[in-house]
Amino acid sequence: MKIRAAVLEEFGAPLSVQELDLAEPKAGEVLVRLAACGVCHTDLYTASGADPSGYAPTVLGHEGAGVVERIGDGVTSLAPGDHVVTLFSPQCRECEHCRDPRTNLCLAIRERQNLGYLPDGTTRLSRDGESIRHFMGTSTFAEYTVMPEIALANVNRDAPLDRACLFACGLSTGLGAAINTAKVQPGSTCVVFGAGMVGLGAVAGCRLQGAEEIVCVDLSEDRLELARGQGATTTIIGGPDTVQAILDMTRGFGADYTFEATGNVQVMRQAVESARMGWGLATVCGVAGKGETLDVVPRFLITGRRIAGSSFGGVKGRDQVPHLIDRYLAGDIDVDPFVSHKLTLEDVNRGFELMEAQDGIRSVIEFT
Ligand SMILES: NC(=O)c1ccc[n+]([C@@H]2O[C@H](COP(=O)([O-])OP(=O)(O)OC[C@H]3O[C@@H](n4cnc5c(N)ncnc54)[C@H](O)[C@@H]3O)[C@@H](O)[C@H]2O)c1
Ligand SMILES: [Zn+2]
Ligand SMILES: [Zn+2]
């Protein structure tokens, strides 16, 4: 079939929205009609050429939500008409990692997905016979996409898809960091560094876990206002004195849980240093620049602090994304303030501009 899609032709150049060919889903694959897709930093990171593992030509986009149109042979967990959220982090439910509750890093299709291929090593996307790769196994800046069954979460049909798409990446990452990775205990004190999509999700996750104090740190007063809306009890403008400010608030001990959601390695260090002596846990969500390292004085660890990393919030996507969306529908998570702009696919580059200008939390592309 012919589809319109936003193609990364050349690093550093704007995406080009054009007509491509999309082949039918093969065994274990699903054809999805996209309804909405968020524009995320990872798309821009790859488009810019900064990502050393990036490739082109490819169709970007990974924060998608849509409706199953057709299924390939052997697909049993989805049927036409089902509403789905795309998962760049799949869940096969069979590999060593999927069977272990300690991780969400499914091993089933990692290598091929990282290279932009579907599990059988080929692509369904093409143009005049030239194959076009599937970015993150999702390629959701497109009217339709073909994805592996194991990379689609079947979600409640009552959820508006222009909200559900945020659960495909940043929002679930933040929520999961608090709920799965840190497993925040009721009554605890939390600090979240960064109030973008991931940090705001972490604030909401800490609130859902019953944290008593939630401090949010950001450079933008507008974003801190959003953090208060998600449950932050104290907000502070970040800077070199942030660690001292947090120690002053916690009788010199530091916070039970800290979360880093900025991608800045200096802030990661602050997250470690403001975690509580004895048991404080610093959870790192941000993606640092190529070659950057996190500098930690070992004394912070010997005196009982721990550091954890979190990919997609430790969320096992097919099991947990539907559950998080049910919590949203139950009124536990306020998603509306995160959708700052609505765009058409033709305006996808505008989404990147808005993101670079830090205008709003997420731009969402809607397909009509
Ligand atoms: N681990 C994962 O699976 C995963 C998934 C999605 C995104 N990410 C990463 O998470 C990070 C955050 O993503 P986002 O979409 O929320 O980004 P964002 O750019 O929207 O938000 C980052 C926030 O950090 C704030 N900030 C910057 N410097 C700061 C400082 N010194 N002190 C306090 N706050 C500061 C900014 O003002 C901004 O509000 C990025 O690095 C992104 O690549 C990770
Ligand atoms: Zn993303
Ligand atoms: Zn698996």
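First listed ligand is number 1; within each ligand, the first listed atom is number 1. Note that the structure is a prediction, hence the values are computed from the model and not measured.
- Ligand-side atoms of ligand 1 in range of Val267: 30 (C), 31 (N), 32 (N), range being under 4.0 angstrom from any heavy atom.
- With hydrogens and angles ignored, the 3.5 Å screen pairs a side-chain donor or acceptor of Arg207 with a backbone N or O of Gln230.
- Smallest separation of non-hydrogen atoms from Arg305 and Arg299: NH1-O, 4.3 Å.
- The shortest separation from a heavy atom of Glu260 to ligand 1 is not under 4.0 Å, leaving the residue out of contact.
- Side-chain polar atoms of Asp319 and Gln91 form a donor-acceptor pair below 3.5 angstrom.
- A donor-acceptor contact closer than 3.5 angstrom is absent between the side chains of Ser220 and Asp218.
- For Glu260 and Thr262, the side-chain atoms include at least one donor-acceptor pair closer than 3.5 Å.
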### Task
Applying side-chain hydrogen bond (donor to acceptor under 3.5 Å, both in side chains), run through Asn349 and Glu353 and close with a yes or a no.
CA-CA 6 Å; Asn349 293 301; Glu353 286 163 22; over 6 Å; no

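- Note: no N/O pair closer than 3.5 Å links Gly313 and ligand 1 by distance alone.
- Between the SG atom of Cys169 and the SG atom of Cys40, the angle centred on the Zn ion (ligand 2) amounts to 130° when rounded to 10°.
- Residue-environment remark: CE (Met277) stays at or below the threshold of 12 foreign heavy atoms within 6.0 Å.
- Residue, atom and distance of the protein heavy atom nearest to atom 18 (P) of ligand 1 are His41 NE2, 3.4 Å.
- Some N or O of Val287 is nearer than 3.5 Å to an N or O of ligand 1, by distance alone.
- Between the side chains of Gln320 and Asn104, no donor N or O sits under 3.5 Å from an acceptor N or O.
- The protein heavy-atom contact nearest to atom 12 (C) of ligand 1 is Ala261 O, 3.3 Å.
- Of all the atoms in ligand 1, the ones that sit under 4.0 Å from a non-hydrogen atom of Gly263 are 41 (O).
- Cation-pi contact between Arg362 and Phe338: absent, since separation from the ring centre below 6.0 Å together with deviation from the ring axis within 45° is not met.
- For ligand 1, the polar-atom distance check against Ser310 finds a nitrogen or oxygen pair separated by under 3.5 Å.
- Protein heavy atom in closest approach to atom 13 (O) of ligand 1: Val198 CG2, 3.6 Å.
- In summary, the atoms of ligand 1 found under 4.0 Å from a heavy atom of Ser311, numbered by their order in the structure, are 1 (N), 3 (O).
- Leu87 pairs with exactly one of Leu152, Ile150, Val321 by the side chain to side chain contact (heavy atoms under 4.5 Å, CB included) rule, that one being Val321.
- For ligand 1, the atoms sitting less than 4.0 Å from at least one non-hydrogen atom of Arg362 are 15 (O), numbered in the order shown with element in parentheses.
- Nearest non-hydrogen protein atom to atom 44 (C) of ligand 1 is Cys285 O, 3.1 Å.
- Nearest protein heavy-atom neighbour of atom 11 (C) of ligand 1: Gly286 CA, 3.8 Å.
- Side-chain contact check for Thr235 and Arg228: at least one donor-acceptor pair (N or O, by modelled atom type) lies under 3.5 Å.
- Contact analysis puts Phe312 in contact with ligand 1, with a non-hydrogen atom separation below 4.0 angstrom.
- Contact atoms of ligand 1 toward Thr262: 24 (O), 26 (N), 34 (N), 35 (C), 41 (O) (distance under 4.0 Å to a heavy atom of the residue).
- When only modelled atom types and interatomic distance are considered, Thr189 and Arg276 share no side-chain donor-acceptor pair under 3.5 Å.
- Counting protein heavy atoms only, atom 25 (C) of ligand 1 is closest to Asp218 OD2, 3.2 Å.
- Residue contacts to the Zn ion (ligand 3): His97 brings no N, O or S atom closer than 2.8 Å.
- Closest to atom 6 (C) of ligand 1, if we only count protein heavy atoms, is Cys169 SG, 3.6 Å.
- Near Arg223, meaning under 4.0 Å from any of its heavy atoms, are these atoms of ligand 1: 18 (P), 20 (O), 21 (O), 38 (C), 39 (O).
- At least one donor-acceptor pair closer than 3.5 Å links the side chain of Thr250 to the backbone N or O of Ile246.
- At the shortest separation from atom 28 (N) of ligand 1 among protein heavy atoms lies Leu219 CD1, 3.5 Å.
- Here is the list of ligand 1 atoms found below 4.0 Å of a heavy atom in Gln358: 36 (C), 37 (O), 38 (C).
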